[in-house]
Amino acid sequence: AQTVTQSQPEMSVQEAETVTLSCTYDTSESDYYLFWYKQPPSRQMILVIRQEAYKQQNATENRFSVNFQKAAKSFSLKISDSQLGDAAMYFCAYRGSLGSARQLTFGSGTQLTVLP
Amino acid sequence: ETGVTQTPRHLVMGMTNKKSLKCEQHLGHNAMYWYKQSAKKPLELMFVYNFKEQTENNSVPSRFSPECPNSSHLFLHLHTLQPEDSALYLCASSQDNPRTSGANEQFFGPGTRLTVL
């Protein structure tokens with residue numbers, strides 16, 4: 001079974017600084033997708049960024065970028081120029097391509113605090 | 001209405017009550033999901049419906065009963081719940097085709113905060 005591990009339950013960053021959230025996963029598949037979701041205090045989970053495993057280039061969405069290391073099974077999220085609105089719980093998620101692995105498996109989350 | 005909506009947003013119920021959670025998606029998707037989110041734990045997938053057929057049931061107790069009357073609506077019927085069932089229940093939808101590759105991003109609703117007394 002796939003597992004997703006987020007080893008940092010809590011992180012904090014100064015406004016305008018950069019922070020990196022860690023995520024590792026375990027899988028025997030070669031074709032899969034990885035996601036970072038953000039859940040602010042309003043509770044609505046929204047997609048921040050996604051990465052296809054077959055793509056070597058790291059995904060980027062404005063201030064959000066990932067460092068995808070397929071061999072190491074690592075998928076970290078970098079937030080540049082942090083803003084107060086970035087404060088939220090961040091979940092890393094894995095989606096495989098076969099059978100039940102096609103459903104999302106989530107990590108336990110990292111609570112990010114942005115300090116003014 | 002746009003996206004995925006859930007009602008009610010908050011629910012308090014006794015252990016002998018029967019209640020239902022409702023989810024509606026306005027995205028034209030063909031798959032819908034129920035997740036349970038408890039404090040300090042990863043999201044737990046409970047049920048998956050694809051083309052109105054239940055395709056996943058992750059060993060969920062029978063006191064949770066899903067219903068998917070069409071591809072836009074999903075219900076979670078609750079009866080004789082336990083205090084440990086108190087959690088945030090999230091609904092999500094996606095456009096899913098097992099025959100094609102694709103990230104099939106899931107879109108989430110705001111959740112129902114359930115408290116069982």
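Quick caveat, the model's predicted, so the values are computed rather than measured. In what follows, chains carry the letters A, B, and so on, assigned in the order in which the sequence lines appear, proteins first and then strands, with residues in each chain numbered from 1.
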Colleague: With side-chain contact (heavy atoms from CB on, under 4.5 Å) as the criterion, how do B/Glu105 and A/Tyr33 come out once you've worked through the C-alpha distance, each side chain's angles and the decisive distance to 0.1 Å?
Modeller: CA-CA 10 Å; B/Glu105 173 191 342; A/Tyr33 304 87; over 6 Å; no
Colleague: Please check if B/Leu11 and B/Met46 belong to a single hydrophobic cluster, counting links between Ile, Leu, Val, Met, Phe, Trp and Tyr side chain heavy atoms closer than 4.5 Å.
Modeller: yes
Colleague: In the structure I gave you, are the side-chain heavy atoms of A/Phe106 and B/Glu44 within less than 4.5 Å of one another anywhere?
Modeller: no
Colleague: If hydrophobic clusters are built from ILVMFWY residues whose side chains come within less than 4.5 Å, do B/Tyr35 and B/Leu88 share one?
Modeller: yes
Colleague: Looking at A/Glu10, I want to see if its CD is surrounded by more than 12 non-hydrogen atoms of other residues, nucleotides or ligands under 6.0 Å.
Modeller: no
Colleague: If you count every heavy atom of other residues, nucleotides or ligands that lies below 6.0 Å from A/Lys70 atom NZ, does the total exceed 12?
Modeller: yes
Colleague: Are any of the side-chain heavy atoms of B/Gln106 and A/Phe35 separated by less than 4.5 Å?
Modeller: no
Colleague: Would you kindly confirm whether A/Ile46 and A/Val66 end up in one hydrophobic cluster when ILVMFWY residues are joined by side chain heavy atoms under 4.5 Å apart?
Modeller: no
Colleague: In terms of heavy-atom contacts, does CD of A/Gln56 have more than 12 from other residues, nucleotides or ligands at under 6.0 Å?
Modeller: no
Colleague: Could you tell me whether the side chain of A/Phe91 reaches within less than 4.5 Å of the side chain of B/Gln37, counting heavy atoms only?
Modeller: yes
Colleague: Output the distance between atom CD (A/Gln103) and atom CZ (B/Phe47), rounded to the nearest 0.5 Å.
Modeller: 13.5 Å
Colleague: With rounding to the nearest 0.5 Å, note down the distance linking SG in B/Cys91 to CE in A/Met45.
Modeller: 12.0 Å
Colleague: In this structure, are over 12 heavy atoms from other groups packed under 6.0 Å from A/Lys73 atom NZ?
Modeller: yes
Colleague: Which heavy atom of A/Gln44 sits nearest a heavy atom of B/Pro110, and at what distance?
Modeller: OE1-CB, 3.5 Å
Colleague: Take B/Phe107 and A/Leu47, measure what side-chain contact (heavy atoms from CB on, under 4.5 Å) needs, and give me the verdict at the end.
Modeller: CA-CA 8 Å; B/Phe107 292 80; A/Leu47 180 68; over 6 Å; no
Colleague: Non-hydrogen atoms of chain B under 4.5 Å away: do they reach the side chain of A/Gln39, the backbone, both or neither?
Modeller: side chain
